[in-house]
There are 2 protein chains.
Amino acid sequence: MLPGPLSGPVAERSDAARNRARLLAAAQELIAECGVDALTMDGLAERAGVGKGTVFRRFGSRTGLMMTLLSESEAAFQARFMFGPPPLGPGAPGLARLIAFGEARIAYIMEHGDLVRASESTYPSRYEVPAALLWQRHVEFLLAQEGMDADPPVMAMALIAALEPERLLHAVQVQGIAPERLTGTWRELVTRVVGGP
Amino acid sequence: MLPGPLSGPVAERSDAARNRARLLAAAQELIAECGVDALTMDGLAERAGVGKGTVFRRFGSRTGLMMTLLSESEAAFQARFMFGPPPLGPGAPGLARLIAFGEARIAYIMEHGDLVRASESTYPSRYEVPAALLWQRHVEFLLAQEGMDADPPVMAMALIAALEPERLLHAVQVQGIAPERLTGTWRELVTRVVGGP
DNA sequence: GGACTAAACGGACTACGGTCCGATTAATAT
DNA sequence: ATATTAATCGGACCGTAGTCCGTTTAGTCC
């Protein structure tokens with residue numbers, strides 16, 4: 001017994017752990033050198049000195065790799081709006097939390113840039129990843145708390161659409177729009193939606 | 001002179017016109033038989049009896065092919081909100097036109113389904129295709145007309161995000177949300193945004 | 001009709017994400 | 001130490017979008 005830290009249903013084999021570490025390190029190096037978009041799965045396997053099959057067993061897909069690279073930041077973000085201090089976390093009014101949620105999300109997207117974009121899965125699973133479902137429920141809950149009368153699920157979907165990484169990054173990186181304008185518009189948007197007639 | 005209808009800078013060679021017609025017919029057949037997602041460029045070339053290079057010279061990319069298949073419908077949609085009768089076309093108040101625009105767009109997406117999804121180009125050109133720029137300017141104009149005080153460009157972007165085909169089709173096809181709920185939420189959204197504080 | 005030219009043709013080729021399966025090896029039991 | 005087993009490994013393989021370039025051909029001019 002006790003083959004190591006008794007985490008999860010079964011322990012990870014030592015070679016698997018070694019290769020996972022190698023792959024993550026190689027991925028971060030490649031991204032630092034050439035950017036996220038230039039990272040290919042073949043190139044990663046070669047750089048890490050493992051076979052291509054190993055890369056895909058570990059991460060499932062290119063998207064899965066990117067999600068893994070972001071998983072700690074993503075978990076921290078989730079923790080902040082679920083359990084952290086107000087106004088992002090519980091304790092503040094719904095509107096304030098909605099505003100803070102959008103601001104935090106925009107900051108997160110700007111901070112991680114192309115990596116967030118590359119971590120978006122392709123249709124149709126894009127809207128079914130746990131993180132997306134969590135945001136949906138969170139915004140829906142805050143809308144209901146603010147007395148949103150009509151169709152909170154669909155309204156939450158519409159609001160979250162305004163926070164799509166691809167669109168926001170295009171606005172900032174290509175159109176040259178300052179991130180403050182994005183947060184300002186988000187504040188305006190949710191304020192009018194919850195405070196409207 | 002007069003090698004045919006003097007349209008455009010230079011006439012199209014007869015074999016080119018013949019192959020384009022063959023390709024479009026074959027594409028529609030394949031889509032009718034197996035669905036949009038099952039259409040491959042190799043399969044299309046074979047079905048049409050032309051080389052693969054010809055397919056790509058004609059349409060540039062798979063996305064370009066899909067856009068071509070939609071071009072007539074798309075042009076009709078644009079004509080309706082730019083020159084057609086109110087409330088979609090000019091003559092109605094800005095808010096009424098905004099509501100009508102979203103309703104028409106949602107109906108268009110539902111009508112053409114997966115074809116719209118497949119006609120979306122990949123980042124970053126997705127937000128730079130002429131149609132997308134036109135919608136952006138249109139919504140921006142209507143917002144300004146309604147006296148939107150703060151940052152119409154970014155607010156227009158946020159509203160248009162709520163009309164993304166991929167998201168709406170997922171809501172309807174996968175989540176089973178009725179299209180009427182989408183149009184109702186759009187109406188609610190834009191009404192509150194332009195009528196807000 | 002024949003020569004000329006620019007455009008169109010077509011299929012071999014590349015790049016990349018993702019799959020498969022026989023070979024390998026780490027952990028465990030004896 | 002050895003046998004056993006189940007997970008892991010690795011690279012050949014596949015499908016598809018997109019590119020390249022030598023060959024063909026439609027249209028034009030004499």
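Letters go in sequence order (proteins before strands), and every chain restarts at 1. Note that these values count all heavy atoms, side chains included, but never hydrogens, waters or copies made by symmetry.
Between B/R105 atom CZ and B/W186 atom CH2 the span is 11.0 Å, to the nearest 0.5 Å. Separation of atoms CG (A/L44) and CD (A/E29) is listed at 10.0 Å; rounding is to 0.5 Å. For the atom pair CG (A/D15) and CD (A/E12), the distance works out to 9.0 Å, reported to the nearest 0.5 Å.
The neighbour count for B/R18 CZ, taken as heavy atoms of other residues, nucleotides or ligands under 6.0 Å away, is above 12. Shown here is B/E33, whose CD atom has more than 12 heavy atoms of other residues, nucleotides or ligands within 6.0 Å.
Between the CZ atom of A/F56 and the P atom of C/dG18 there is a distance of 5 Å, rounded to whole Å. Atom pair A/E12:CD and D/dC9:C1' shows a separation of 14 Å (rounding to whole Å applied).
Between B/Y108 and B/H112, the angle of the ring planes lies from 30° to 60°, which puts this pair in the tilted group. Using a 30° and 60° split on the angle between ring planes, A/H138 and A/F101 fall in the tilted class, from 30° to 60°.
The side-chain tip of A/R97 does not point at the ring of A/F81 from less than 6.0 angstrom away and within 45° of straight on.
Within the structure, every pair that satisfies the salt bridge (Lys or Arg N to Asp or Glu O under 4.0 Å) test and touches residues 172-185 of chain B, not counting sequence neighbours, is listed here: A/D151-B/R181.
Between its two ends, the helix from C/dG1-D/dC30 to C/dT30-D/dA1 turns its axis by 10°, counting five pairs per end and rounding to 10 degrees.
Interface residues of residues 39-54 of chain B facing DNA chain C, ordered by number: B/V50, B/G51, B/K52, B/G53, B/T54; criterion, heavy-atom separation under 4.0 Å. Near DNA chain C, meaning a heavy atom under 4.0 Å away, the residues from residues 57-65 of chain B are B/R57, B/R58. Contacts of residues 13-27 of chain B with DNA chain D (heavy atom under 4.0 Å): B/R13, B/S14, B/D15.
A/V36 and A/I109 fall within a single hydrophobic cluster, where Ile, Leu, Val, Met, Phe, Trp and Tyr are joined by side-chain heavy atoms under 4.5 Å apart, directly or via other members. In the hydrophobic cluster analysis, where Ile, Leu, Val, Met, Phe, Trp and Tyr join through side-chain heavy atoms closer than 4.5 angstrom, A/F59 is grouped apart from A/V129.
Under the rule for a salt bridge (charged side-chain N to carboxylate O under 4.0 Å, His left out), B/R62 has no partner lying at least two apart in sequence or in another chain.
Between the side chains of B/Q136 and B/Y127, no donor-acceptor pair is found at a separation under 3.5 Å.
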